[in-house]
Enquirer: 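To start, I am sharing the structure in question, which I have written as structure tokens.
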Amino acid sequence: MRRQRRRTRPSGRTNDVGQEPHAFTPQFHGGGCGRSTGRDPHPAGAQAAEFEYKLATGQSLTQPINTRLDQAVKRIREASGGRLEIKFFPASQLGSDTDLLTQIRSGGVDFLNIAGSVLSTVAPTAGIANVGFAFSDYGQVWNAMDGDLGKLIATQIEKTGALVVAKPADNTFRQISSFTKPIKTPADLDGYRIRVPVSPIFTSLFKSLGANPTSINFNELYTALQTHLVDGQENGLVTIEAGKIYEVQKYISETNNIWDPFFILGNRRSVKALPDELQAIVRREFDQAAMEQRADTAKLNLTLKDQLIAKGITFEVSDKEAFRKGLSAAGFYKEWRAKFGEDNWKTLEAAAGALA
């Protein structure tokens with residue numbers, strides 16, 4: 001007889017207003033995404049699920065990835081005939097990114113959406129997608145991530161005890177924002193206090209450019225900017241808008257300094273406990289969520305600049321080639337080529353072009 005899974009109670013963590021976290025249906029206001037109908041997904045008399053799992057994210061509620069994952073878990077329940085229910089806890093309800101990274105490996109959560117930049121702290125090769133100024137456009141990105149580079153990264157991630165259960169989603173090209181001054185050239189970063197995610201390659205990149213980077217989890221970023229613990233940060237426009245970062249910043253420099261993926265992970269024991277047919281449903285629906293999120297983000301990237309200008313942000317054009325030359329002169333590419341290994345570096349260059 002198959003052992004049933006009962007995972008209905010949260011971990012005991014409270015959120016920032018002292019309340020127990022609870023499953024929540026996010027409402028994404030960008031173009032192209034559907035909305036929840038508001039109907040009770042568990043009507044009276046519905047049969048209890050055979051497997052009850054938890055899915056967590058650290059992304060702001062209105063980000064497209066949360067809407068698409070919310071839709072996916074509903075489709076999974078329906079396609080499984082109610083056998084598999086995945087309760088959804090977005091927006092750091094169950095902890096910060098680094099907390100969740102521990103939980104996905106220990107089984108505290110069963111599924112997790114996590115940025116590759118954060119994941120690189122336990123699977124260093126995941127950081128190869130974050131090499132500064134490597135990708136010039138999305139053609140290069142998806143050629144790499146849906147091809148050999150994505151397979152390479154997934155193989156390394158799965159050595160940590162988690163499984164990659166979907167195609168990578170888009171955490172977008174990142175832009176440098178600032179409160180005190182626009183950042184147009186490497187000289188503007190000299191001594192600059194900038195927040196970076198908890199990721200060695202981000203810290204290395206900004207140190208190489210003369211900045212003073214500080215690693216801060218995203219759920220603490222707004223406060224760090226508001227209190228001027230740091231003067232600036234870097235994120236994609238989707239994240240800047242969804243996290244209301246524009247309220248505590250004045251400038252955005254269009255640097256495209258790093259592209260970052262999202263990975264949807266599963267706890268190995270939890271996934272393997274599912275019958276093959278349920279595993280196939282999970283992978284299919286999370287794949288669909290990732291592909292839809294890519295399309296949502298592409299649409300948002302066409303409109304968010306105007307929206308942020310209307311909210312008071314000044315956009316600046318940056319000298320991308322100067323930043324890349326600055327990294328080369330500082331030995332950034334040489335250092336990370338050695339860390340990732342020659343074969344892995346060649347896999348990156350096969351998609352992105354020569355990096356020196």
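Just so it is clear, the values below take in all heavy atoms, side chains as well, and ignore hydrogens, waters and symmetry mates.
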Enquirer: Of Thr98, Asp99, Asp97, which is the lone residue that meets side chain to side chain donor-acceptor pair (under 3.5 Å) with Asn217?
Expert: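 Only one option passes, and that is Thr98.
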
Enquirer: Regarding Glu254 and Lys305, does a basic nitrogen lie under 4.0 Å from an acidic carboxylate oxygen?
Expert: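 The answer is yes: the pair qualifies as a salt bridge.
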
Enquirer: When rounded to the nearest 0.5 angstrom, what distance separates CG in Leu274 from CZ in Arg269?
Expert: 13.5 Å

Enquirer: Determine, using the 4.5 Å side-chain heavy-atom cutoff (strictly less than), whether Leu327 and Leu348 are members of one ILVMFWY cluster.
Expert: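 Per the 4.5 Å side-chain linkage, Leu327 and Leu348 are co-clustered.
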
Enquirer: So Lys207 and Phe332, do their side chains get closer than 4.5 Å, heavy atoms only?
Expert: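 No. Closest side-chain heavy atoms not under 4.5 Å.
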
Enquirer: Between Gln175 and Asn256, do the side chains contain an N or O donor and an N or O acceptor separated by less than 3.5 Å?
Expert: yes

Enquirer: Just verifying a value: how many Å separate Ile86 CD1 and Asp70 CG, rounded to the nearest 0.5 Å?
Expert: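 Answer for the CD1-CG pair, Ile86 versus Asp70, is 11.5 Å.
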
Enquirer: Can you tell me if Ser117 and Asp260 form a side-chain donor-acceptor pair at under 3.5 Å?
Expert: yes

Enquirer: Between Arg174 and Phe202, does a side chain to side chain contact (heavy atoms under 4.5 Å, CB included) hold up when you go through it step by step?
Expert: CA-CA 11 Å; Arg174 302 170 80 94; Phe202 279 69; 3.3 Å; yes

Enquirer: Which pairs pass salt bridge (charged side-chain N to carboxylate O under 4.0 Å, His left out) with one or both residues in residues 125-146, sequence neighbours excluded?
Expert: Asp146-Arg294

Enquirer: First locate atom CD1 of Ile183, then atom CD1 of Ile252, and finally report the distance between them rounded to the nearest 0.5 Å.
Expert: 12.5 Å

Enquirer: I'd like to know if Glu52 and Lys87 make a salt bridge, using a cut-off of under 4.0 Å between side-chain N and carboxylate O.
Expert: no

Enquirer: With clusters defined by side-chain heavy atoms of hydrophobic residues (ILVMFWY) lying less than 4.5 Å apart, directly or transitively, does Leu300 cluster with Phe315?
Expert: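 In one cluster with Phe315: Leu300, yes.
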
Enquirer: Are any of the side-chain heavy atoms of Tyr192 and Ser178 separated by less than 4.5 Å?
Expert: yes

Enquirer: Hey, is the main chain of Thr223 close enough, under 3.5 Å, to the side chain of Thr227 for a donor-acceptor pair?
Expert: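 Pair found, side chain donor or acceptor close to backbone of Thr223.
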
Enquirer: Can you say whether the rings of Phe111 and Tyr53 are parallel (under 30°), tilted (30 to 60°) or perpendicular (over 60°)?
Expert: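 The arrangement is tilted - the two ring planes meet at 30° to 60°.
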
Enquirer: Is it the case that Ser253 and Thr255 place a side-chain donor and acceptor less than 3.5 Å from each other?
Expert: no

Enquirer: Just to verify, what does Glu78 make a salt bridge (Lys or Arg N to Asp or Glu O under 4.0 Å) with, not counting sequence neighbours?
Expert: none

Enquirer: For Asn212 and Arg193, which I'm curious about, is there any donor-acceptor pair between the side chains at under 3.5 Å?
Expert: no

Enquirer: Spell out, yes or no, whether Phe179 and Leu308 are grouped together once hydrophobic residues are joined by side-chain heavy atoms under 4.5 Å, including indirect joins.
Expert: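 Phe179 does not cluster with Leu308.
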
Enquirer: When you compare the side chains of Thr172 and Trp259, does any donor N or O come within less than 3.5 Å of an acceptor on the partner?
Expert: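 On atom types as modelled, these side chains do not qualify, holding no pair under 3.5 Å.
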
Enquirer: Side chain to side chain contact (heavy atoms under 4.5 Å, CB included) between Phe218 and Arg195: does it pass, once the steps are laid out?
Expert: CA-CA 9 Å; Phe218 182 77; Arg195 174 268 179 182; 4.0 Å; yes

Enquirer: Any chance you could lay out the side chain to side chain contact (heavy atoms under 4.5 Å, CB included) test for Asn235 and Leu221, step after step, and finish with the verdict?
Expert: CA-CA 11 Å; Asn235 259 301; Leu221 172 57; 3.9 Å; yes

Enquirer: Go through the side-chain N and O atoms of Gln71 and Thr67 and say whether any donor and acceptor fall under 3.5 Å apart.
Expert: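 No, no side-chain donor-acceptor pair sits under 3.5 Å.
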
Enquirer: Would Tyr251 and Ile309 show up in the same hydrophobic cluster when neighbours are defined by side-chain heavy atoms closer than 4.5 Å?
Expert: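 Per the 4.5 Å side-chain linkage, Tyr251 and Ile309 are not co-clustered.
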
Enquirer: Report yes if the side chains of Phe133 and Tyr333 come closer than 4.5 Å at any heavy-atom pair, otherwise no.
Expert: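 SC-SC contact between Phe133 and Tyr333 confirmed.
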
Enquirer: Carefully, step by step, assess Asp110 and Lys54 under the rule salt bridge (charged side-chain N to carboxylate O under 4.0 Å, His left out).
Expert: CA-CA 5 Å; Asp110 304 285; Lys54 290 187 287 187; over 6 Å; no

Enquirer: Check salt bridge (Lys or Arg N to Asp or Glu O under 4.0 Å) between Lys151 and all other residues, then give those that pass, not counting sequence neighbours.
Expert: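 Partners of Lys151 under the salt bridge (Lys or Arg N to Asp or Glu O under 4.0 Å) test: none.
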
Enquirer: Would you indicate whether the side-chain heavy atoms of Thr57 and Gln63 approach each other to under 4.5 Å?
Expert: no

Enquirer: Hey, would you say the Phe173 and Tyr138 ring centroids sit under 6.0 Å apart?
Expert: yes

Enquirer: Drop me the distance from Ile264's CD1 to Leu163's CG, to the nearest 0.5 angstrom.
Expert: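 Reported value, rounded in 0.5 Å steps: 13.5 Å.
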
Enquirer: State, yes or no, whether a side-chain contact exists between Asp231 and Ile194 at a heavy-atom distance under 4.5 Å.
Expert: no

Enquirer: Check Asn257 against Leu205 and note the closest heavy-atom contact, atom names and distance.
Expert: O-CD1, 4.4 Å

Enquirer: I'd like to know if the side chain of Tyr222 pairs up with that of Glu247 as donor and acceptor (distance under 3.5 Å, no hydrogens or angles considered).
Expert: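 Tyr222 vs Glu247: donor-acceptor pair found between side chains.
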
Enquirer: Between atom CZ of Phe206 and atom CD1 of Ile201, what is the distance when rounded to the nearest 0.5 Å?
Expert: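 Reported value, rounded in 0.5 Å steps: 11.5 Å.
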
Enquirer: According to salt bridge (Lys or Arg N to Asp or Glu O under 4.0 Å), who are the partners of Arg268, at least two apart in sequence or on a separate chain?
Expert: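 In terms of salt bridge (Lys or Arg N to Asp or Glu O under 4.0 Å), with neighbours along the sequence ignored, Arg268 is linked to no residue.
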
Enquirer: Can you find a pair of side-chain heavy atoms, one from Asn219 and one from Ser96, that are under 4.5 Å apart?
Expert: yes

Enquirer: Are any non-hydrogen side-chain atoms of Leu55 and Val109 less than 4.5 angstrom apart?
Expert: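 No, too far: nothing below the 4.5 Å cut-off.
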
Enquirer: I'd like to know whether Leu101 forms a side chain to side chain contact (heavy atoms under 4.5 Å, CB included) with Val122, so could you lay out the CA-CA distance, the side-chain angles of the two residues, the decisive distance to 0.1 Å, and finally the verdict.
Expert: CA-CA 8 Å; Leu101 199 50; Val122 297; 3.9 Å; yes

Enquirer: Residues two or more places apart in sequence or in another chain: which of them pass side-chain hydrogen bond (donor to acceptor under 3.5 Å, both in side chains) with Ser136?
Expert: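 Ser136: side-chain hydrogen bond (donor to acceptor under 3.5 Å, both in side chains) contacts with Gln140.
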
Enquirer: Please determine whether residues Ile216 and Val198 belong to a single hydrophobic cluster, defined as Ile, Leu, Val, Met, Phe, Trp and Tyr linked transitively by side-chain heavy-atom distances below 4.5 Å.
Expert: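 No, Ile216 and Val198 fall in different hydrophobic clusters.
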
Enquirer: Please report the interatomic distance CD1(Ile128) to CH2(Trp336), rounded to the nearest 0.5 Å.
Expert: 10.5 Å

Enquirer: Under 3.5 Å, is there a donor-acceptor pair between the side chain of Asn344 and the main chain of Phe340?
Expert: yes

Enquirer: Quick one, Leu265 and Leu119 - any side-chain contact, counting heavy atoms below 4.5 Å?
Expert: yes

Enquirer: Provide the closest heavy-atom pair for Ser60 versus Asn66 in the form atom of the first, atom of the second, distance.
Expert: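 Between these two residues, the closest heavy atoms are O-ND2, 2.7 Å.
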
Enquirer: Answer yes if the side chains of Tyr246 and Ser177 hold a donor-acceptor pair under 3.5 Å, and no otherwise.
Expert: no

Enquirer: Taking all non-hydrogen atoms of both residues into account, name the closest pair between Ile281 and Ala79 and its distance.
Expert: CD1-O, 3.6 Å

Enquirer: Minimum heavy-atom separation for Gly127 to Ser120, with atom names?
Expert: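 The pair with the smallest heavy-atom distance is N-CB, 3.6 Å.
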
Enquirer: Look at Lys167 together with Asp287 and state whether they make a salt bridge at an N to O cut-off of under 4.0 Å.
Expert: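 Salt bridge: no.
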
Enquirer: Measure from the side-chain N and O atoms of Thr160 to the backbone N and O of Gln156, and report whether any donor-acceptor pair falls under 3.5 Å.
Expert: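 No: the side chain of Thr160 does not pair with the backbone of Gln156.
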
Enquirer: May I ask you to say whether Arg68 pairs ionically with Glu285, meaning some side-chain N is under 4.0 Å from a carboxylate O?
Expert: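 Answer for the salt bridge query: no.
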
Enquirer: Looking only at non-hydrogen atoms, find the nearest pair between Pro275 and Arg83 and report the distance.
Expert: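 Scanning both residues completely, I find the closest heavy atoms to be CG-NH2, 3.6 Å.
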
Enquirer: Got a salt bridge between Lys311 and Glu241, using NZ or NE/NH1/NH2 to carboxylate O under 4.0 Å?
Expert: yes

Enquirer: Quick one: closest heavy-atom pair of Val164 and Arg283, and the distance?
Expert: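 Scanning both residues, the minimum pair turns out to be O-NH1, 3.0 Å.
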
Enquirer: Who are the salt bridge (Lys or Arg N to Asp or Glu O under 4.0 Å) partners of Arg284, not counting sequence neighbours?
Expert: none

